[in-house]
K.L.:
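Sharing a structure here in structure tokens format.
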Number of protein chains: 2
Amino acid sequence: MKRPKDQLKAHIRAQNQTLILETSERVFARQGLAKTTTQMIADEAGLPKANIHYYYRSKKDLLEAVLERILRLWLDSVSEFNVEEGPKHNLTRYISEKIDQSRINKNASKIFAMALIGEETFVLDYLRNLFVTELSREKATIQIWVDKGLMASVPTEHLFISIWAMTQTYADFDAQVKIMLQKDQLVEDDYEEAKQFITRMVLAGCQVMEVEV
Amino acid sequence: MKRPKDQLKAHIRAQNQTLILETSERVFARQGLAKTTTQMIADEAGLPKANIHYYYRSKKDLLEAVLERILRLWLDSVSEFNVEEGPKHNLTRYISEKIDQSRINKNASKIFAMALIGEETFVLDYLRNLFVTELSREKATIQIWVDKGLMASVPTEHLFISIWAMTQTYADFDAQVKIMLQKDQLVEDDYEEAKQFITRMVLAGCQVMEVEV
DNA sequence: GTCTATACAAAGATAGAC
DNA sequence: GTCTATCTTTGTATAGAC
């Protein structure tokens, strides 16, 4: 049975962990994974460095906790395909949600990209699991649409690779995008233009029927 | 007037610099920019660490030399648009060349991506220059095609952002691509499929006329 | 031009007092 | 649970002999 004192402790623990994770996310995204020091995180969180190591034994542990948090959040923010609604609605929504993710959670996206480019085992393992479960279902759904004549047959894997690449680039390489668009900051309209153009290419490339289903 | 001795020294210098740069490119790509130590580079090049610092005063200098080498090489490996040939040929060739770049010079692409995601001043400055000179010309060429009715009017900046994102992802995030395709290594056929699919989306999205010009 | 030895700084991590 | 002080390792960079 939990006593009040334990509850207080648990509360403090949860609060500090959240503070550390949120701060880490910012610092990791800003500085890069390897350049980030536990000292920087401690300073920005307003805690002594030893506290960081009290909650997360090593920097690696901390990074993995940050990644886990990001990935859980991510899965929730993108809808699954709904076969009845047909390819047009689903692909349009999917692209829209991925772009929103880039805008709203840019740091998360950057950290994920950094971990992926650095081939962090943690992220690779996660992806392997995800693809076995998720992608095979999306692939089956697309096949149904193809069979119904609602869209052309496409290499599903390359389709997803392309959509992810196009949408994430607005978060991961936003510095490049800003230079291209000659802007100091990206605004909502920029993301909307991106959505429209990407959607247009995907729908046209997959020869998605214009008709409603 | 150069004496033989000076020529010998110059030769040794050039040879060592090339060795160091090529080795650095491999190690930077494998380990990440920040994780790479001058010691690793020295070991892999078979030189004492002090020699690295003799040729490149600091790690930052070395990284910039590596980046400069990569960027020079890159510019040469992609053709400019040729207005007479029309959009179909040009876009198809452009995508093909970019994918080839990903395959043949994967390390260079990764280092570039790492530097970009880390917002290295050196790379951002380079891009700024490039866009002022190159992109404005490509943009003008596309406008000519649009005026001639050879393709639809598209947001040029987003078009290039998308093409770069899709083609580079096969180099930068090849770990992810491998998982998606369930392969240990990407082979030429994988890159060919990517080329075809990306080209298909771009041409369809831009409503490029099928007719020859 | 090469390389050993070393200076110096900074990072990750922990011990131990409070 | 908090935090100061400290240990250990490792990195960048250079001095100085050859």
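Letters go in sequence order (proteins before strands), and every chain restarts at 1.
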K.L.:
Hey, does the side-chain of K59(B) have a donor or acceptor N/O within less than 3.5 Å of a partner on the base of dG11(D)?
P.N.:
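A donor-acceptor contact between them is absent.
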K.L.:
To the nearest angstrom, how far is K35(A) atom NZ from dG12(C) atom C1'?
P.N.:
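Answer to the nearest Å: 19 Å.
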K.L.:
Separation of I20(A) atom CD1 from dG1(D) atom P, in whole Å?
P.N.:
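About 11 Å, once rounded to whole Å.
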K.L.:
Rounded to the nearest 0.5 Å, what separates atom OG in S77(A) from atom CG in D100(A)?
P.N.:
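The CG atom of D100(A) is 9.0 Å from OG of S77(A), to the nearest 0.5 Å.
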K.L.:
Students often get this wrong, so: under 4.0 angstrom with heavy atoms, is Y55(A) touching a base, only sugar-phosphate, or nothing?
P.N.:
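Since only primed, P, OP1 and OP2 atoms lie under 4.0 Å of Y55(A), the category is sugar-phosphate.
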K.L.:
Over how many whole Å does the gap from I52(B) atom CD1 to dT4(C) atom P extend?
P.N.:
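Answer to the nearest Å: 13 Å.
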K.L.:
Please give, in whole Å, the distance from dA13(D) P to N51(B) CG?
P.N.:
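To the nearest whole Å, that distance equals 15 Å.
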K.L.:
Return the nearest nucleotide to the side chain of A50(A); candidates are dA15(C), dG12(C), dC3(C).
P.N.:
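Among dA15(C), dG12(C), dC3(C), the one nearest the side chain of A50(A) is dA15(C).
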K.L.:
Counting only heavy atoms not in R137(A) (residues, nucleotides, ligands), do more than 12 fall under 6.0 Å from its CZ?
P.N.:
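Yes - once you tally the heavy atoms of other residues, nucleotides and ligands closer than 6.0 Å, there are more than 12.
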K.L.:
Counting only side-chain nitrogens and oxygens, does H53(A) get under 4.0 Å of the OP1 or OP2 atom of dT14(C)?
P.N.:
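Result: no.
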K.L.:
What nucleotide among dA11(C), dG1(C), dT12(D) has an atom nearest to a side-chain atom of I12(B)?
P.N.:
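The answer is dG1(C), which lies nearest to the side chain.
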K.L.:
Let's see if you can work this out: which of dG12(C), dT14(D), dG1(C) has an atom nearest to the side-chain heavy atoms of T38(A)?
P.N.:
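When the side chain of T38(A) is considered, dG12(C) is the closest of dG12(C), dT14(D), dG1(C).
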K.L.:
Assess whether atom NZ of K35(B) is packed by more than 12 heavy atoms of other residues, nucleotides or ligands within 6.0 Å.
P.N.:
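Atom NZ in K35(B) is not crowded, with 12 or fewer foreign heavy atoms closer than 6.0 Å.
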K.L.:
In this structure, how many angstroms lie between the C1' atom of dG12(C) and the OH atom of Y56(A), rounded?
P.N.:
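Value for this atom pair: 17 Å.
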K.L.:
Separation of Q39(B) atom CD from dC3(C) atom C1', in whole Å?
P.N.:
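Those two atoms, CD and C1', are 12 Å apart.
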K.L.:
Ignoring the backbone of K49(B), work out which of dA13(C), dG1(C), dT12(D) is nearest its side chain.
P.N.:
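My answer, after comparing the listed nucleotides, is dT12(D).
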K.L.:
Just wondering, are more than 12 heavy atoms of other shown residues or ligands nearer than 6.0 Å to NZ in K139(A)?
P.N.:
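No, because the 6.0 Å sphere around NZ of K139(A) holds 12 heavy atoms or fewer from other groups.
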K.L.:
Between R57(A) and dA13(C), is there a contact of a side-chain N or O with OP1 or OP2 at under 4.0 Å?
P.N.:
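Result: no.
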K.L.:
I41(B) has an atom CD1; how far is it from atom P of dC3(C), in whole Å?
P.N.:
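Distance check: I41(B) CD1 to dC3(C) P gives 17 Å.
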K.L.:
On the ring face of W145(A), is K88(A) found with NZ or CZ under 6.0 Å from the centre and within 45° of the axis?
P.N.:
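No, K88(A) does not sit over the ring of W145(A).
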K.L.:
Specify the separation, in whole Å, of atom CG of L62(A) and atom C1' of dA11(C).
P.N.:
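Rounded to whole Å, this separation is 15 Å.
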K.L.:
Ignoring the backbone of Y54(A), work out which of dC3(C), dG1(D), dT14(D) is nearest its side chain.
P.N.:
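Among the listed nucleotides, the one closest to the side chain of Y54(A) is dG1(D).
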